[in-house]
Number of protein chains: 2
Amino acid sequence: MTSDNDISGDVAPPQVRTLADIGRIAGVSAGTVSRALAGSPLVKAKTREQIQALAREHDFRPNQMASKLRTRRTGVIGVVIPLGHERRQHISDPFFMTLLGYLADELTERGYDLMLSRAIPDDTPDWLERITSSGMVDGVIVIGQSDQYDKIERVAANYPNLVAWGTYRPGQIHCVVGTDNRAGGRMAAERLIAGGARKLVFLGDTTGIEIAERLDGARDAIAGRDATLVHLPCHLSNETMEGELREQLRANAGSFDAIVAASDLIAMSAMKVLHEQGMTIPDDVQIIGFDDLPLAAQTMPPLTTIRQDIARGAHEIVADLEASIAGRSKQHVVMEPILMERQTTL
Amino acid sequence: MTSDNDISGDVAPPQVRTLADIGRIAGVSAGTVSRALAGSPLVKAKTREQIQALAREHDFRPNQMASKLRTRRTGVIGVVIPLGHERRQHISDPFFMTLLGYLADELTERGYDLMLSRAIPDDTPDWLERITSSGMVDGVIVIGQSDQYDKIERVAANYPNLVAWGTYRPGQIHCVVGTDNRAGGRMAAERLIAGGARKLVFLGDTTGIEIAERLDGARDAIAGRDATLVHLPCHLSNETMEGELREQLRANAGSFDAIVAASDLIAMSAMKVLHEQGMTIPDDVQIIGFDDLPLAAQTMPPLTTIRQDIARGAHEIVADLEASIAGRSKQHVVMEPILMERQTTL
DNA sequence: TGATGGCTTGCAAACGTTTGTTAGCCCCGA
DNA sequence: TCGGGGCTAACAAACGTTTGCAAGCCATCA
């Protein structure tokens, strides 16, 4: 299973490692080399080109650490995913990954590097400060507030270059980009009721405030209508979710005719479990997801869901962050959720 | 849609920013503070604790840039995804993202930070050197060789701390961890033939060598048997894939009874398209995917696929890299693919 | 009493850039 | 002939740590 090709690691490193080395060869000072490589007009065009050619020839690139230290600008944005509740929630959660992908695109396009951290707040209370005040990043993006809302607030009070993905609460300090989760939850429940459902179930763990607001929204929709809503907690991590769901749905079989899922992933698992239990979707049970991940369109039947515009979210986050770094003001962005009608509703 | 809460960015930064600042308060030198915070036994226990308390109180953390420059160790691993062929392939490709997630877990557990880059080799020929010789990372992980095999070989010749995910070719220089793609392709085709299929189709673009080897494997399986294999190219990116597939499969309708898909994602799209076109899976057409992404088990019917052990792959990659950084020898890892029997085969 | 040695701590030299200031040089005009 | 100004390039001071070396202090021992 494992090849036995050992690979030796002995290679002579090239001799020219610093600006001074190049300078020595070219017969100029390190400072001049620095300017030449930066394309400064202060150095004569001819020597500039000579130096650049020399650097290319020796495959030389200035040490970024030294450069960053000197300029006090790193060109790096920290992206951190706090796994507050849901210790088991893997960083490879599809929603995070999708957002991360878009962020990577946005950031690289603007010349930033992206430093990814996974934080377990319960183990390391200073998970956020560790990133903001390490001198390693120009700004920080927090993906998901989880149960760390207060922590983020506190840090943001002293550290301006921070933008979070999540839910907006009036008066909050930290800049946030996200969807109106409450409106999304309401929209989902209303759609199910419009489809004839009366006994709704909400599937999801509400420790993270985003999810809690979706549940609140669903409750808003129920209020004053001839319908009921039961909340069945269920973890978000892939491994444990399906078993839990099977349990929950079996125990409550027959007592519900529609599901509001806190995420597309939960919706997909629920669909699978219901199918196993012999239910038809949407005839026996209607279901609506949340997120509109690319794979929501691929399920059978295709999943009706509440769409978050992740691509735009990533764009707004980076735009806000860049503004903040440049010293300009930034603003919260609360996006309206959109109902994607597919075939799991009547 | 957008709230108008402008957020001002004016905050007085704390006054204590350097070791020397702390030292001034504590009445010791910067050097001592450095040792104290590092927990060095060289400084008296009492002063050490005083200094640590002081640092905590002022919320001070040593500047990482300076530290890294001085120690010549960054604690950062670069992870780069070359999008060589497939310009349109988004970094949010589920396979990359899944591997990336596991890598993030492995790396953070071992105390490394992860710097993510997306590279478009066609635009920036020095995409890899830019990372290896920037002084910013202790090592580099390349996710997928794409069509950049030679480039990686060349760089690896001078830069030992590099590990790639991909295919192993006898005699290659750069350390690689991956699945035996050819065996996987063969396995898939053999399984389909065993299920009664005779007219196979391979779906996928073979510019990346990993995919090319899967196709070779499938051809191996055909050879000498009463079966045929047609290769239908199809891009890997989500947006364009489905349309292409619809086209391809319609044009060839009836002329095949089984599909070897180059990835689970392609398999899922194919299933959807076939369903639209009124085919039943697996009765009319059998299909086997590749990767065994978490969502392969969620399709309807659940997808038979060739499993790559991504979690183990991430583990091996990081282990190899760590060995290399420590100056120890590393070795290629070629994992055997595993056939995951589900319900898209007979 | 003086030397020895173990603890602590300070000193100062790196790490490799960037960049403000200074200095040489040459050409031009008065 | 001389002064001034425009180009170039060198000098040197940061950026904030880490760490080898030296030095001070105190106690112990001969």
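Every chain is numbered from 1, with letters handed out A, B, ... down the list of sequences.
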Suppose we screen for side-chain hydrogen bond (donor to acceptor under 3.5 Å, both in side chains). Which residues come up paired with B:Gln64, at least two apart in sequence or across chains?
none

Contacts of B:Ser133 that satisfy side-chain hydrogen bond (donor to acceptor under 3.5 Å, both in side chains) - sequence neighbours left out:
A:Arg61

Short of 4.0 Å, heavy atom to strand atom, which residues of residues 46-55 of chain B count as contacting DNA chain C?
B:Thr47

Any side-chain heavy-atom pair from [X] and [Y] closer than 4.5 angstrom?
| X | Y | value |
| --- | --- | --- |
| B:Leu37 | B:Leu19 | yes |
| B:Val140 | B:Tyr159 | yes |
| B:Leu103 | B:Ile77 | no |

Please list residues of residues 127-139 of chain A whose heavy atoms come under 4.0 Å from any atom in DNA chain D, ordered by number; otherwise none.
none

I'd like to compare against my own output: the B/S/- annotation of nucleotides 16-24 of chain D with a strict under-4.0 Å heavy-atom distance to protein.
BBBBB----

Quick one: does any side-chain atom of [X] pair with a main-chain N or O of [Y] as donor and acceptor, under 3.5 Å?
| X | Y | value |
| --- | --- | --- |
| A:Asn63 | A:Ala66 | yes |
| B:Asp138 | B:Thr74 | yes |
| A:Asn161 | A:Leu321 | no |

Under 4.0 angstrom, heavy atoms only, what part of the nucleic acid is A:Gly27 near: base, sugar-phosphate, or nothing?
sugar-phosphate

Taking only residues two or more places apart in sequence, or in another chain, which ones meet A:Tyr149 in a ring pair (Phe, Tyr, Trp, His ring centres under 6.0 Å)?
A:His174

Rounded to the nearest 0.5 Å, what's the gap from NZ on B:Lys68 to CE on A:Met136? Could you check?
4.5 Å

